2 protein chains.
Amino acid sequence: MATDKIGLAEEAVRSTGARMTRPRVMVLAVLFAAERALTHAEVEARLPRAAEVDRVTVYRVLEWLVDNHLAHKIAGDDRVRRFNAASHAHAGPHAHFQCSDCGEVICLEEAGAKPAVKLPVGYKQQQVELTIKGLCAGCVPASKPRTVARHHH
Amino acid sequence: MATDKIGLAEEAVRSTGARMTRPRVMVLAVLFAAERALTHAEVEARLPRAAEVDRVTVYRVLEWLVDNHLAHKIAGDDRVRRFNAASHAHAGPHAHFQCSDCGEVICLEEAGAKPAVKLPVGYKQQQVELTIKGLCAGCVPASKPRTVARHHH
DNA sequence: GCCATTAGTGCAATTGTGTTGCAATATTCG
DNA sequence: CGAATATTGCAACACAATTGCACTAATGGC
């Protein structure tokens, strides 16, 4: 993993005012280096072996990152939560894409306004989530032969 | 459970051309009688004890109903799948609401067009899913005292 | 109506993700 | 440095959902 991501991660963790620990820095650095949303298992796999972070700690750190607005959590429809570093680009509300074959999740820049939806009386809206389902480039059938490795569940 | 729902369910199952079995009919009847999307556990609980359907069979029947367009599946962000009978009202694409407190899911009629979102090259869009998160009438705090039972996870 | 075919079911065991309790550790602040 | 306490690691657990396989029962031809 690139050391510059670790530097960025250290700074981000420090900026929260909470304690700066190796698990927090390393997990956030992994997210910074990721090109897409990662599952808990993927984060764990990408942690350098030297880092030696416990499974449960990874869960708790991810949750902590979300609470501190350093990451955001995406619930796909495969019952797996994925996490993204909260970059400028994804600070506000935005849409997500999930591949219905391999499960890959990426963030999308949203163009256009969210449609208005009427809620029943007494209901209170907090957040709107827009998810596009489809096939990612690596999973589109009959496409030109690709060298992209398919990451299946 | 109302017997008329069972009649409707029998007809719907028969219309698929596949075998008409008690588990299929009873599960679909439960969905027909439901006022909101039900989890697997809720479906099981609402099955009359006389029906005696195995847990696993309920899972498989729900999946079968979805494959045959008699029901549709909603993935909330609490890692639990919920199922709705596919009625006319919900035949096409529509939005969902999920209560962030009790987890309740209902279908919404969507007003207005879906916003256009650009996918990366090579990606193929199949479906757009719009979910509103918020609080349902029973979970809104400080509301006038309610007699509504709260259904918590 | 009866029988053969095979789709569908039931049961047991397993997977995978995520959570909880608690003792041990390590960060921060004076 | 040394105390206070936020975090971590470990073990056990919770729970939805899945898989393998033998058994049962719905359907279609006779």
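Residue numbering restarts at 1 for every chain, and letters A, B, ... go by the order of the sequence lines. Nothing here was measured: the structure is a model prediction, and the numbers come from that model.
- Put simply, CD1 on B:Ile74 is 17 Å from P on D:dA16, counting in whole angstrom units.
- Atom CZ in B:Arg79 sits roughly 8 Å away from atom C1' in C:dG16 (whole-Å rounding).
- The two atoms that bring B:Ala37 and B:Arg82 nearest to each other are CB-CB, 3.7 Å, heavy atoms only.
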Protein proximity profile, nucleotides 22-30 of chain D - base contact B, sugar-phosphate-only contact S, no contact -, cut-off 4.0 Å on heavy atoms: ----BS---
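- Across the protein-nucleic acid pair, A:Arg14 atom CZ and C:dT28 atom C1' stand 13 Å apart, rounded to whole Å.
- Summarising the geometry, the separation between CG on B:Leu38 and P on D:dA16 is reported as 14 Å, rounded to the nearest angstrom.
- Here the P atom of nucleotide D:dC15 and the CG atom of B:Asp78 are 13 Å apart, to the nearest Å.
- Atom CG of A:Asp77 is separated from atom P of D:dA16 by 18 Å (rounded to the nearest Å).
- A:Lys133 meets the salt bridge (Lys or Arg N to Asp or Glu O under 4.0 Å) test with A:Asp77, B:Glu129; sequence neighbours excluded.
- By the side-chain contact (heavy atoms from CB on, under 4.5 Å) test, B:Asp54 pairs with B:Val56, B:Thr57, sequence neighbours left out.
- Pairing each heavy atom of B:Leu108 with each of B:His94, the nearest pair is O-CB, 3.4 Å.
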Do any side-chain atoms of residues 23-33 of chain A form donor-acceptor pairs under 3.5 angstrom with protein atoms, and if so which ones, sequence neighbours left out?
from, atom 1, to, atom 2, distance (Å)
A:Arg24, NH1, A:Arg19, O, 2.9

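- B:Val105 belongs to a hydrophobic cluster whose remaining members, ordered by chain and number, are B:Ile74; membership requires side-chain heavy atoms of ILVMFWY residues under 4.5 Å apart, directly or through intermediates.
- Checking A:Tyr123 against B:Glu104 by side-chain atom types alone, a donor-acceptor pair falls below 3.5 Å.
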Using a 4.0 Å heavy-atom cut-off to protein, can you give one letter per nucleotide of nucleotides 19-25 of chain C, 5' to 3': B if the base is in contact, S if only the sugar-phosphate is, - if neither? BBB----
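- Atom pair A:Leu62:CG and D:dT8:P shows a separation of 11 Å (rounding to whole Å applied).
- Summarising the geometry, the separation between NE2 on B:His40 and P on D:dA14 is reported as 19 Å, rounded to the nearest angstrom.
- Heavy atoms of B:Glu44 sit nowhere under 4.0 angstrom from any nucleic acid atom.
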Please walk me through it: do B:Phe83 and B:Leu38 pass side chain to side chain contact (heavy atoms under 4.5 Å, CB included)? CA-CA 5 Å; B:Phe83 298 85; B:Leu38 299 182; 5.7 Å; no
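- No donor-acceptor contact under 3.5 angstrom links the side chains of A:Gln98 and A:Thr131, judged on distance only.
- Judged by closest nucleotide on DNA chain D, A:Arg24 is the one of A:Arg24 and B:Val80 placed further toward the 5' end.
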